[in-house]
Amino acid sequence: MSSTDLPTTYNGTPRIAVIGGTGLESLENFHPVACLDIDTPWGKPSSPVTISEHPSPTTGKPTPVAFLARHGVHHQFAPHEVPARANIAALRSIGVRCVIAFSAAGSLQEAVKPRDFVVPDQVIDRTKGIRPFTFFEGGFVCHVPFADPFDAGVGKVVRKCGHSLEGEGVTLHDQGTVICMEGPQFSTRAESNMYRLWGGTVINMSVLPEAKLAAEAEMAYQMVVMSTDYDCWHDSGDVSVEMVMGHMKANAINARRFIGAVLDELSREEHADLVAAKHLEGGRKFGVSTHQGGKSSEALKKMDWLFPGYFS
Ligand SMILES: CSC[C@H]1O[C@H](OP(=O)(O)O)[C@H](O)[C@@H]1O
Ligand SMILES: Nc1ncnc2[nH]cnc12
């Protein structure tokens, strides 16, 4: 069935979403049961949100999983054009509280070879402030902790799943720092070498503001990176889109197996609270700095859409 023939509403509550990046514009081995066209106060997301039902390996119960293509179904959004606020808001509005985000990234370390996977634990922001990066502005100030940009609980599950595939063509690195650059041009050689000195493990153009917005929206977020090149610091040849896509295509089966293993595990009953992000629930109610009289009605309307009942 093509996505245009699918129902445009869904009755269940998907707690888990996969955001697919370069080369992962759909979840091919899953069967979508609905395709949602969502509008948010921050505009439309980069793609319709498709819902697939993933059978829980413990109960057999179908677990709904949402999928969104970060750059659009035709990869029409450049990294700085990705409507990240609309993406995160749209997912939250249908009940998603746990996001597994995939990304194709350059490796900044010899040990991380093209086609290796990295489950990062840190981020360095090298975007240039041109991307809308917060929900909290225009008369509603709220500060959110971001010391650890990825969710420890979800990260633990993802690492376990990745390791379970090792030896079957999957190599996983348990930690790493993602440098998020602005793009869309790739780095200069001097920048690439500087990022290595900073301790960068991999480099992409998309973990931010996505991870920051997920934190603001009380969602448990973990990125999974697949290395597609050695950027330009290495003597094996400078990064090109051809190189990125070549490795992505060659390793697509492993990427899909990785996603399948993570969804299998996360749809177990024992992770119900984790994927509902119970540990993050309500956090935003306590970070607001704006006094009652200073909150704009425009901002409050948006807050009410994103956090129904929190601030009214
Ligand atoms: C096509 S190479 C650069 C492009 O690839 C990565 O995309 P994503 O993270 O969405 O997989 C990188 O961040 C750049 O957007
Ligand atoms: N070398 C690189 N730099 C930035 N983003 C990338 N995505 C894939 N490879 C990349």
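Atoms within a ligand are numbered from 1 in the order they appear, just like the ligands themselves.
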Q: Using distance alone, with no hydrogens and no angle criterion, decide if Ser227 and Asp116 have a side-chain donor and acceptor under 3.5 Å apart.
A: no
Q: Give the atom numbers and elements of ligand 2 that come within less than 4.0 Å of a heavy atom of Asp231.
A: 1 (N), 2 (C), 3 (N)
Q: Among all protein heavy atoms, pick out the one at the shortest distance from atom 9 (N) of ligand 2; state its residue, atom name and that distance to 0.1 Å.
A: Asp229 OD2, 2.7 Å
Q: Mind checking whether Gly106 has an N or O less than 3.5 Å away from an N or O of ligand 2?
A: yes
Q: With the threshold set at under 4.0 angstrom, would you say Gly183 reaches ligand 1 through any of its heavy atoms?
A: no
Q: Centres of the Phe135 and Phe140 rings: under 6.0 Å?
A: no
Q: Heavy-atom contacts with Met205 under 4.0 Å: which atoms of ligand 2 show up? List them by number with element.
A: 4 (C), 5 (N)
Q: Is there at least one pair of N or O atoms, one from Arg70 and one from ligand 1, spaced under 3.5 Å apart?
A: yes
Q: Please name the residue in the list Glu182, Glu210, Glu81 that meets the salt bridge (Lys or Arg N to Asp or Glu O under 4.0 Å) test with Arg131.
A: Glu182
Q: Ignoring hydrogens and geometry beyond distance, is a side-chain donor-acceptor pair present between Arg115 and His247 at under 3.5 Å?
A: yes
Q: With only distance considered, is Met205 within less than 3.5 Å of ligand 1 through an N or O on each side?
A: yes
Q: Answer with side chain, backbone, both or neither: which part of His71 has a heavy atom less than 4.0 angstrom from an atom of ligand 1?
A: side chain
Q: Side chains of Cys232 and Phe186: closer than 4.5 Å at any heavy-atom pair?
A: no
Q: Name the option, out of Val239, Asp238, Ile203, Val225, that contains the heavy atom nearest to atom 4 (C) of ligand 2.
A: Ile203
Q: What is the minimum heavy-atom distance between Gly95 and Arg15, and which atoms define it?
A: O-NH1, 2.8 Å
Q: Evaluate the side-chain proximity of Met194 to Trp233: yes if any heavy-atom separation is below 4.5 Å, no if none is.
A: no
Q: May I ask you to identify the nearest protein heavy atom to atom 15 (O) of ligand 1, giving residue, atom name and distance to one decimal place in Å?
A: Pro79 CG, 3.4 Å
Q: I need the Ser56 OG to Glu270 CD distance, nearest 0.5 Å.
A: 9.5 Å
Q: Do Glu25 and His75 have a side chain donor and acceptor closer than 3.5 Å?
A: yes
Q: What atoms in ligand 2 come closer than 4.0 Å to a heavy atom of Asn204?
A: 4 (C), 5 (N)
Q: Below the 3.5 angstrom mark, is there an N/O of Ala104, backbone or side chain, next to an N/O of ligand 2?
A: yes
Q: Between the main-chain N or O of Ala147 and the side-chain N or O of Gln122, is there a donor-acceptor pair closer than 3.5 Å?
A: yes
Q: Less than 4.0 angstrom from a charged side-chain N to a carboxylate O is my criterion; do Arg189 and Asp238 meet it?
A: yes
Q: Looking only at protein heavy atoms, which one is nearest to atom 6 (C) of ligand 1, and how far off is it?
A: Ala104 O, 3.2 Å
Q: Under 3.5 Å, side chain of His54 to main-chain N/O of Thr63, donor-acceptor pair present?
A: no
Q: Consider every N or O of Phe186 and every N or O of ligand 1, then say whether any pair is closer than 3.5 Å.
A: no
Q: Is Thr228 touching ligand 2 with its side chain, its backbone, both, or neither, if touching means heavy atoms under 4.0 Å apart?
A: side chain
Q: Considering the heavy atoms of Asn204, write down every atom of ligand 1 situated less than 4.0 Å from one of them.
A: 13 (O)
Q: Of the protein's non-hydrogen atoms, which lies at the shortest distance from atom 9 (O) of ligand 1, and what is that distance?
A: Ser206 OG, 2.3 Å
Q: Please work out, at 4.0 Å between heavy atoms, whether the side chain, the backbone, both, or neither of Thr22 comes within that distance of ligand 2.
A: neither
Q: Pairs of nitrogen or oxygen atoms closer than 3.5 Å, one from Ser103 and one from ligand 1: do any exist?
A: yes
Q: Specify the protein heavy atom at minimum distance from atom 1 (C) of ligand 1: its residue, its atom name, and the distance to 0.1 Å.
A: Thr22 CG2, 3.8 Å
Q: Can you name the atoms of ligand 2, numbered from 1 with element, that are less than 4.0 Å from a heavy atom of Met181?
A: 4 (C)
Q: Are a donor atom and an acceptor atom from the side chains of Thr134 and Glu216 found within less than 3.5 Å of each other?
A: yes
